[in-house]
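Each remark here refers to the structure printed beneath this line.
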Amino acid sequence: MNNLLVANSVSKSFGDFKALNNVSIEVSKGSIFGLLGPNGAGKTTLIRIINQITMPDAGEILLDGLPLKPHNIRDIGYLPEERGLYKSMKVGEQAIYLAQLKGLTKQEAKERLKYWFDKLDIGDWWHKKIQELSKGQAQKIQFIVTVLHRPKLLIFDEPFSGFDPINASLIKDEILQLRDEGATVIFSTHRMESVEELCDHIALIHKSNKVLDGKLTDVKRQFKTNTFEVGLQAGNPELVKKAIQEQFEVFPATFKNLSDDIKMNIKLPQHTSPNDLLSFLTSKAEIHHFVEVIPSANDIFIQTVKNN
Amino acid sequence: MNHLPLIIKREYLNKVRNKSFIVMTFLSPMIMIALIAVVAYLSQMNNDKQRTISILDETGLVADVFETSEFTTYTIINSMPIEGAKELVKAKNDFGLLYIKKSSDSINVVESVNFFSDDSPSLTIISGLERKIEKRLSDIKLQNEGVDIAQILASKTRVNIAQETFEGEKTSKVDSYLKLAFGGAAGYLLFMFIIIYGNMIMRSVIEEKTSRIIEIIISSVKPIQLMMGKIIGTSLAGVTQFIIWIILGGVLLSVVSAIFGIDIMQMQTPQQEMMNQAMSNSDAQNMAQELITGFVNLPILNLCVAFLFFFIGGYLLYSSLYAAIGAAVDNETDTQQFMMPIIMPLILAVYVGVFTVIEDPHGTVSTVFSFIPFTSPVVMLMRIPFGVPIWQQLLSFAILVGTFTLTVWFAAKIYKVGILMYGKKPTYKELFKWLKY
């Protein structure tokens with residue numbers, strides 16, 4: 001049993017609006033799972049179903065192979081996108097309360113909070129009220145509260161919004177460390193660069209349907225077009241260019257390099273090896289730059305959404 | 001996992017520690033008592049003032065009915081022209097001059113009585129004077145017709161119907177007033193409690209929405225738990241506040257009356273003075289006795305038990321609706337539209353209680369309204385002191401329980417959907433749709 005969380009054909013409607021249509025995902029243990037999709041695609045609905053905030057109309061959610069039960073809220077830590085704290089409550093008191101709701105005792109909560117407050121260097125906030133903190137500071141508290149009860153499954157919805165770059169990278173490192181310690185993470189965001197950085201696996205939901213699912217590397221392999229970015233130097237660039245254009249499909253390319261005469265993207269027909277291209281090119285010019293074009297998460301996202 | 005106690009505790013502490021709550025709790029009884037003290041002090045000051053009214057009676061018929069009392073002194077001016085009398089009264093700085101013009105007979109006197117003063121006198125003073133003159137004149141008329149006044153006085157009779165139920169329980173008018181007071185107080189207390197603390201629940205739900213903590217909380221607890229915790233926690237805070245108000249109010253009242261020497265219970269005004277004169281001593285004694293027996297006769301146990309149950313039932317019914325409204329909207333200004341349907345039956349209940357129950361506590365209207373769940377807590381509480389059959393109370397309570405189970409369910413549905421909806425004010429149609437989610 002390698003999957004921590006499995007959603008089997010989950011559907012959910014609100015009135016006439018179908019928010020989720022037969023969506024299945026599998027999140028393997030110890031991975032970071034990127035749940036992507038445009039606004040209003042149904043991500044939040046799926047996350048809320050996993051958190052048992054909303055009940056699905058059809059389908060089931062399995063955690064560790066067993067259907068979700070109310071007591072499973074202890075096993076999940078959820079940082080929602082729309083998040084906040086009681087403004088007039090003191091930081092420490094509030095964190096203890098939220099931890100108690102997740103099943104920790106007061107003593108446990110205090111000890112663990114002390115650890116986290118020291119780790120993130122915010123010990124002196126304990127007696128402050130939330131309304132005295134800045135937005136980013138309050139987000140730190142929310143992050144701590146989410147992970148405090150050491151859940152098996154962490155769900156972060158746009159965890160970096162509201163953080164400055166320093167704190168964002170601090171939180172990113174904490175997420176990676178939690179993953180290394182054995183937690184499984186579901187990560188929903190619109191920031192594709194953090195998807196590249198963090199996610200092992202992605203699923204893309206669009207208009208209530210899952211349209212893409214797989215390991216990030218597999219998805220990239222699936223989306224790659226056998227295109228190579230090349231930089232060449234030759235005695236007679238125009239002649240070489242013409243020769244290549246006759247042979248292959250060519251697109252303009254922009255990349256930084258030291259004064260190459262020829263910069264272009266060359267798309268090979270399927271099942272053609274890059275070696276064939278290389279041997280063709282070596283016969284014509286000096287090769288300074290040769291890289292396979294790997295689609296970015298951003299490209300994949302845009303392409304998938306546009307095609308659907 | 002049952003988090004209800006935890007939620008109740010947080011809600012309670014959060015309310016009780018809130019600065020404005022503390023200020024309200026301690027300040028409002030002080031303000032109330034201060035107001036009472038000021039009013040009492042002022043009215044006493046007013047009463048201390050001795051008024052002198054001069055009387056110029058050219059007929060000589062009525063002058064001797066004016067007897068000087070604690071607050072008013074009457075001076076009779078003899079045979080002086082009216083202009084001179086006016087000058088004199090003005091010079092003496094008296095309150096006013098009552099002038100009865102000379103006329104041929106007592107009938108014409110009616111048309112020729114004047115009162116002169118600097119300020120226009122109060123209605124009570126004028127009607128007091130009128131009453132005195134009227135009485136004397138009608139006596140004179142009767143005498144002229146040859147009727148013996150002594151006979152008339154002797155023929156005056158006072159009837160006091162002794163009321164008794166078929167079971168032999170004695171009741172009286174005083175009794176009815178007492179019942180009314182108790183029932184009214186209970187009903188009104190519930191009404192106030194619902195309005196004040198229902199609103200507080202609503203605001204606290206809205207606060208959770210606007211601070212965006214709601215989704216964090218309900219990923220740990222069931223919305224219905226959160227809602228019930230809120231209702232119970234806020235109510236406990238309310239009960240605490242009420243108890244403090246009663247204790248503080250009592251203490252302050254006795255302190256204030258001790259310091260200022262104002263006997264608030266026995267504040268005498270000239271009006272009361274006249275009333276007391278009218279009522280003979282034995283009447284007053286009777287009344288005290290009737291009050292005591294009336295109190296003993298009240299179905300105290302029934303009243304207490306019913307108060308507890310109907311209070312809780314009625315409060316739950318309304319507060320769950322308040323919570324649902326809070327969940328449906330984003331800010332307090334949007335609540336108006338949904339408040340109407342809640343406030344209307346409440347006000348209706350108080351009106352029915354005040355007008356119909358007093359008139360006929362067991363009439364059709366009172367009885368019907370004491371079964372309709374939205375009005376029954378208030379109306380039933382007002383009716384119970386008059387003795388309501390147990391089966392009626394039980395039936396009404398059963399209907400209430402049934403309804404509040406339904407409204408709590410209904411509110412929980414709205415609550416569950418509403419707390420996650422941001423940005424727009426829903427219509428009734430949308431609320432109805434939420435019930436089916």
Side-chain angles (χ1 to χ4, degrees), chain A residues 12-17 19 44-45 47-55 57 69-74 76-90 93-106 129-131 135 138-139 141-143 145-146 149 151 153 155 157, chain B residues 1-22 203-226 229-230 233 330 413 415-423 426 429-437:
Chain A
K12 176 75 188 173
S13 297
F14 296 108
D16 300 330
F17 175 69
T44 306
T45 304
I47 290 175
R48 282 178 182 167
I49 287 172
I50 295 171
N51 275 296
Q52 304 180 72
I53 292 172
T54 316
M55 292 300 136
D57 297 338
K69 289 270 156 50
H71 69 80
N72 286 126
I73 55 165
R74 284 166 189 256
I76 301 178
Y78 174 36
L79 186 69
E81 186 181 6
E82 290 277 9
R83 54 185 177 252
L85 294 165
Y86 290 116
K87 287 199 175 60
S88 55
M89 237 176 138
K90 286 190 179 138
E93 217 173 291
Q94 177 150 219
I96 289 175
Y97 171 65
L98 293 171
Q100 279 178 309
L101 289 184
K102 284 289 187 189
L104 293 187
T105 66
K106 202 169 182 177
K129 283 186 178 174
I130 295 294
Q131 57 201 8
K135 192 181 171 200
Q139 303 260 54
I141 309 287
Q142 287 155 2
F143 178 79
V145 167
T146 310
H149 58 293
L153 178 63
I155 302 174
D157 200 343
Chain B
M1 253 175 299
N2 190 11
H3 294 307
L4 198 57
L6 207 60
I7 299 167
I8 293 173
K9 190 176 143 207
R10 194 208 82 87
E11 290 296 332
Y12 179 79
L13 289 179
N14 191 42
K15 291 279 157 343
V16 172
R17 284 196 206 143
N18 184 291
K19 277 207 191 76
S20 61
F21 184 87
I22 295 172
R203 269 193 313 244
S204 119
V205 175
I206 294 174
E207 187 215 330
E208 264 170 9
K209 273 189 89 175
T210 48
S211 71
R212 299 285 195 264
I213 194 174
I214 193 72
E215 202 166 343
I216 294 179
I217 299 276
I218 60 164
S219 66
S220 306
V221 302
K222 286 232 162 61
I224 183 145
Q225 265 185 24
L226 181 62
K230 239 176 209 321
D330 263 359
K413 280 261 184 189
Y415 188 84
K416 219 171 109 179
V417 180
I419 45 180
L420 294 172
M421 295 274 180
Y422 295 111
K429 210 171 129 196
E430 279 168 309
L431 286 186
F432 186 69
K433 257 172 54 191
W434 290 2
L435 291 179
K436 292 186 285 188
Y437 280 6

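First the proteins, then the strands, lettered A, B, ... as listed; each starts at 1.
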Closest heavy-atom pair and its distance - K102(A), S220(B):
CE-OG, 3.2 Å
How would you list, by chain and number, every residue that makes a side-chain hydrogen bond (donor to acceptor under 3.5 Å, both in side chains) with E11(B), sequence neighbours excluded?
K15(B), K230(B)
Between I130(A) and Y86(A) the two heavy atoms that sit nearest each other are CG1-O, 3.3 Å
Per-residue contact mode, E82(A) against chain B (heavy atom under 4.5 angstrom)
both
Choice from E81(A), E93(A), Q142(A) maximising heavy atom contacts with chain B below 4.5 Å
E93(A)
Counterpart residues, side-chain hydrogen bond (donor to acceptor under 3.5 Å, both in side chains), relative to Y97(A) (two or more places apart):
none
I7(B), N14(B), I214(B): which one forms the most heavy-atom pairs within less than 4.5 Å of chain A?
I7(B)
Tell me, side chain or backbone of Q94(A) under 4.5 Å from chain B's heavy atoms, or both, or neither?
side chain
